[in-house]
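Heads up, the thing below is written out as structure tokens.
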Amino acid sequence: MHATAIPSIAAGSARPHSAPAGVIGRAHRAAAGVLVVDDDPVICDMVCTEARRLGMRADALTDARALNQHLSDGYGTIVLDLLMPEVDGIELLRSISALDHPRPRVIVMSGLTERVLESARTLGLDLGIRVSDVLHKPFRATELREVLVRALEPEASNDRSAGSAPLELTEAALAEALSRGELVMHFQPQQHIGSNAIAGAEALVRWNHPRHGLLAPAAFIALAESPRLVNAFTDTVMSAVIAAGARIFASGGYDGRLSVNVSPLGMNDLSLPDRLARACSSAGFPANRMVVEITETSISSDGVVALDILTRLRMKGVGLSIDDFGTGHSSLERLSIAPFDELKIDRHFIRKMQSDGTARALVSGAVRMAHDVGMQVVAEGVETPADYLAVQACGCDLVQGYLVSRPLPLDQFLDFIGRGSSGRA
Ligand code: C2E
Ligand code: MG
Ligand code: MG
């Protein structure tokens with residue numbers, strides 16, 4: 001395969017190439033054009049071919065200097081090599097950030113180390129660009145396909161970097177949804193590594209929207225965190241989880257814990273521990289079966305109110321879990337200030353472990369540290385048997401992820417635990 005085989009708009013034809021007849025399945029796919037920018041024609045060809053197989057319009061640029069002329073051509077996704085002879089990918093990220101909305105998504109790829117790729121991704125996000133994925137070269141066709149498929153997924157409506165809010169969700173609509181009981185909880189099992197027993201579950205909120213169907217939290221969590229809504233939202237979620245928890249425990253097939261996410265902004269109300277304990281006791285749900293997950297960014301030594309809340313929750317028996325560990329800015333000091341008993345390693349780290357020895361070493365170190373201070377470790381986003389083996393080798397205690405189960409509506413979750421671990425294996 002060589003350069004002439006590539007539909008390079010830089011090479012003269014500025015007309016986009018259409019997907020082969022019969023491939024385009026859905027109109028939005030055709031609209032979701034992909035522009036590949038890489039000085040390596042073989043890579044351009046590989047990405048274009050795969051994108052067209054998925055029914056996307058795909059073009060390539062082997063001379064990155066021409067990108068500016070094509071930025072306004074309506075590509076939904078730009079697949080960008082970081083290291084090119086004339087101009088590098090970071091400079092191009094800056095050009096993309098100067099575009100009006102809606103800006104294309106970017107997939108960053110490179111043969112440089114994972115850490116460089118991740119800093120490029122962070123930089124892109126800081127510039128307000130949606131960097132949907134990073135691709136480490138050499139990559140397999142299956143990996144390429146996965147990131148292209150993800151690039152086809154519709155944007156979450158609260159993703160400001162995408163510049164579009166197709167669902168037009170508003171704070172007022174969410175406030176109404178709270179009062180109409182449209183928020184529902186799904187439950188994702190956590191499996192103990194080794195015994196395969198279901199030792200926990202995480203409650204994850206969804207909005208059962210009358211017109212748009214079931215919405216994931218990414219579509220509305222920012223609205224829920226507005227100062228006017230955050231306490232009502234937290235209370236609604238807590239009540240739903242406690243009511244579901246009471247049913248789950250009454251079913252008799254479960255003796256694990258049940259985790260609930262609390263927004264950092266919801267950690268401002270000193271009455272939270274008392275309200276939670278009262279609600280647990282009136283529902284007959286033991287508080288020591290509940291775990292509150294908060295992200296590491298919400299923990300800080302100057303957050304006196306948050307520390308007050310966390311300490312009193314723990315005193316009432318509620319478990320405390322650090323969510324998305326590895327994505328924020330942790331310090332040992334930050335982690336030592338509150339009585340956490342669980343650490344959840346973020347799925348981006350789990351995904352990186354396959355290809356990145358640094359990530360594996362960091363996870364092993366975090367697990368050792370957590371165990372030394374008496375915390376258990378949950379690996380999030382475990383999707384494949386290879387992920388499972390990797391987190392097992394690092395000493396994680398529990399796995400949560402699609403490999404075990406997707407988040408399930410309550411009835412299905414009850415079926416799942418009712419089947420027992422042998423029936424599931
Ligand atoms: P999180 O707490 O880290 O939850 C895990 C997310 O990862 C969930 O997304 C879950 O569906 C997804 N996930 C689980 N296993 C896999 C896997 O194997 N692969 C992949 N790709 N993803 C997996 P979800 O439900 O969309 O929730 C996203 C985030 O929204 C949560 O992240 C949490 O930060 C927030 N959230 C969810 N429910 C609540 C809630 O009730 N209250 C608050 N304040 N935030 C919530
Ligand atoms: Mg969580
Ligand atoms: Mg998490």
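Please read these numbers as outputs of a predicted model, since none were measured by experiment. In listed order, ligands and their atoms are each counted from 1.
Ligand 1 has Arg206 within reach: a non-hydrogen atom of the residue lies less than 4.0 Å from it. Judged by the shortest distance from any of its heavy atoms, Glu202 lies inside the 4.0 Å radius around the atoms of ligand 1. By the 4.0 Å heavy-atom criterion, Glu380 is counted among the residues contacting ligand 1. For Gly381, the closest heavy-atom approach to ligand 1 falls below 4.0 Å.
Between Lys316 atom NZ and Thr311 atom OG1 the span is 12.0 Å, to the nearest 0.5 Å.
For the pair Arg53 and Glu50, the salt-bridge criterion is met [side-chain N within less than 4.0 Å of a carboxylate O]. The pair Arg247-Asp411 meets the salt-bridge criterion, since a charged nitrogen lies less than 4.0 angstrom from a carboxylate oxygen. For the pair Asp356 and Arg351, the salt-bridge criterion is not met [side-chain N within less than 4.0 Å of a carboxylate O]. Using a 4.0 Å cut-off between charged nitrogen and carboxylate oxygen, Arg314 and Asp341 count as a salt-bridge pair. Between Asp387 and Arg347 there is no salt bridge, since none of the side-chain N atoms of the basic residue sits less than 4.0 Å from a carboxylate O of the acidic one.
Annotation: Ile221 places no N or O atom under 3.5 Å from an N or O atom of ligand 1; distance criterion only.
With sequence neighbours excluded, the residues satisfying side chain to side chain contact (heavy atoms under 4.5 Å, CB included) with Ala201 are Tyr254, Leu258, Phe413. With sequence neighbours left out, Phe233 forms a ring pair (Phe, Tyr, Trp, His ring centres under 6.0 Å) with no residue at all. In terms of the ring pair (Phe, Tyr, Trp, His ring centres under 6.0 Å) criterion, residue partners of Phe285 (sequence neighbours excluded) are, by chain and number, Phe249.
Shortest contact from atom 44 (N) of ligand 1 to any protein heavy atom: Ser263 N, 3.4 Å. For atom 20 (C) of ligand 1, the closest heavy atom belonging to the protein is Glu383 OE2, 3.2 Å.
Listed by chain and number, the protein N, O or S atoms at a distance under 2.8 Å from the Mg ion (ligand 2) are Glu202 OE2, Asn261 OD1, Glu293 OE1, Asp323 OD2.
Here atom 7 (O) of ligand 1 lies nearest to Arg347 when heavy atoms of Lys344, Arg347, Met185, Arg150 are compared. Closest heavy-atom approach to atom 8 (C) of ligand 1 within the set Val404, Val262, Leu204, Leu265: this belongs to Leu204.
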